[in-house]
Amino acid sequence: ETGVTQTPRHLVMGMTNKKSLKCEQHLGHNAMYWYKQSAKKPLELMFVYNFKEQTENNSVPSRFSPECPNSSHLFLHLHTLQPEDSALYLCASSQDRPGAGVPETQYFGPGTRLLVL
Amino acid sequence: LAKTTQPISMDSYEGQEVNITCSHNNIATNDYITWYQQFPSQGPRFIIQGYKTKVTNEVASLFIPADRKSSTLSLPRVSLSDTAVYYCLVGARRAGGSYIPTFGRGTSLIVHP
């Protein structure tokens, strides 16, 4: 148990469906992340939110839409996905500190296994 | 960003010590070296972090030579439950921005009975 929960754990959707992934962190952190992990590929950073503001968007297609209503919750809204979007979607959080220095530890949730048919 | 190179896979047996080496020839002066562990269908988990020399915790040791161009994660007396993918990351928190970790392909360690 890392203090980061994700729901649902598994999701099957058609290409015309709209669904949302939810992430919640119970660690009091101020930064949250979405990653995509496809089979046999490295983790790909998708979005970063720092103090609820999006600070990074790693050239992610618009069919993925993040939402961060507060520092504890993060959503990933999905619509008109493609089969190649099938992957494990991981949420992470960290306590961001000002200034340069030691990298913060990232705490990951268990992920949502997504299958797009 | 400094690039890291690790072996794709390693095999070991229960009770043995496992050493996984990561090369990072372009490591910057401010960069730290961090290792994560990932079990199947789970998110990565922080193992250990260091800047130079040797760091040890209850899980592993991290050896970093003086030139810092490589690092070695050492897992003492592995068990079957240590079967996982191990990632080596190099980076630092940027002034005025978040730390953006970059995960490579990692090293898939399989521990045999």
Side-chain angles (χ1 to χ4, degrees), chain A residues 1-6 9-10 23 25 27 29-58 87-115, chain B residues 1-9 22 24 27-52 55 57 59-60 62 64 68 71 84-108:
Chain A
E1 180 59 49
T2 62
V4 180
T5 59
Q6 290 186 244
R9 293 295 308 277
H10 301 271
C23 175
Q25 58 97 359
L27 302 168
H29 289 165
N30 56 20
M32 297 187 76
Y33 310 74
W34 278 117
Y35 288 86
K36 174 185 177 183
Q37 187 171 37
S38 305
K40 302 187 186 303
K41 291 179 70 175
L43 269 75
E44 302 171 58
L45 180 66
M46 301 175 73
F47 302 103
V48 180
Y49 276 83
N50 195 310
F51 292 100
K52 301 186 298 178
E53 299 294 324
Q54 187 181 127
T55 57
E56 298 279 341
N57 177 338
N58 224 16
L88 180 68
Y89 288 86
L90 291 159
C91 172
S93 72
S94 68
Q95 183 58 30
D96 225 22
R97 297 185 297 273
V102 181
E104 294 84 5
T105 297
Q106 295 222 313
Y107 294 81
F108 285 82
T112 294
R113 176 71 63 185
L114 173 67
L115 177 61
Chain B
L1 292 173
K3 182 182 175 182
T4 59
T5 302
Q6 320 174 218
I8 294 174
S9 63
C22 178
H24 28 80
I27 189 168
T29 303
N30 297 330
D31 286 345
Y32 286 73
I33 300 155
T34 310
W35 286 79
Y36 282 80
Q37 173 192 57
Q38 185 178 22
F39 297 114
S41 296
Q42 294 187 29
R45 181 178 72 123
F46 172 90
I47 301 177
I48 197 166
Q49 182 179 78
Y51 183 80
K52 62 181 179 181
V55 180
N57 61 23
V59 177
L62 178 59
I64 306 168
R68 302 199 330 121
S71 59
V85 178
Y86 292 83
Y87 297 95
C88 166
L89 284 69
V90 170
R93 190 173 72 250
R94 304 169 298 180
S98 304
Y99 166 57
I100 305 300
T102 301
F103 288 81
R105 294 184 178 275
T107 297
S108 177

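Quick note on labels: first sequence line is chain A, next is B, and so on, each numbered from 1.
Within the 4.5 Å cutoff, side-chain heavy atoms of A:F108 are placed close to those of A:L43. Using a 4.5 Å heavy-atom cutoff, the side chains of A:L90 and B:Q38 are in contact. In this structure, A:C23 and A:V4 have side chains that are in contact, with non-hydrogen atoms separated by less than 4.5 Å.
Under the 3.5 Å distance criterion, the side-chain polar atoms of A:R113 are left unmatched by any main-chain donor or acceptor of A:A87.
The contact between A:Q37 and chain B is made entirely by side chain atoms (from C-beta outward), counting heavy-atom distances below 4.5 Å. Interface remark: B:Y87 contributes side-chain atoms only to the contact with chain A (heavy atom separation under 4.5 Å). Neither the backbone nor the side chain of B:S108 comes within contact range of chain A; no heavy atoms are under 4.5 Å apart.
Taking 4.5 Å as the heavy-atom cut-off, the residues of residues 44-51 of chain B that approach chain A are B:P44, B:F46, B:Q49, ordered by number.
For the options A:A92, A:G101, A:P110, A:G109, heavy-atom pairs under 4.5 Å to chain B are most numerous at A:G101.
Ring-plane geometry between A:Y107 and A:H29 is classed as tilted, the angle between the planes lying from 30 to 60 degrees on a 0 to 90 degree scale.
Across all their heavy atoms, A:S94 and A:E104 have their closest contact at CB-CB, 4.0 Å. Annotation for B:H24 and B:I33: closest pair CE1-CD1, 3.4 Å, computed over non-hydrogen atoms.
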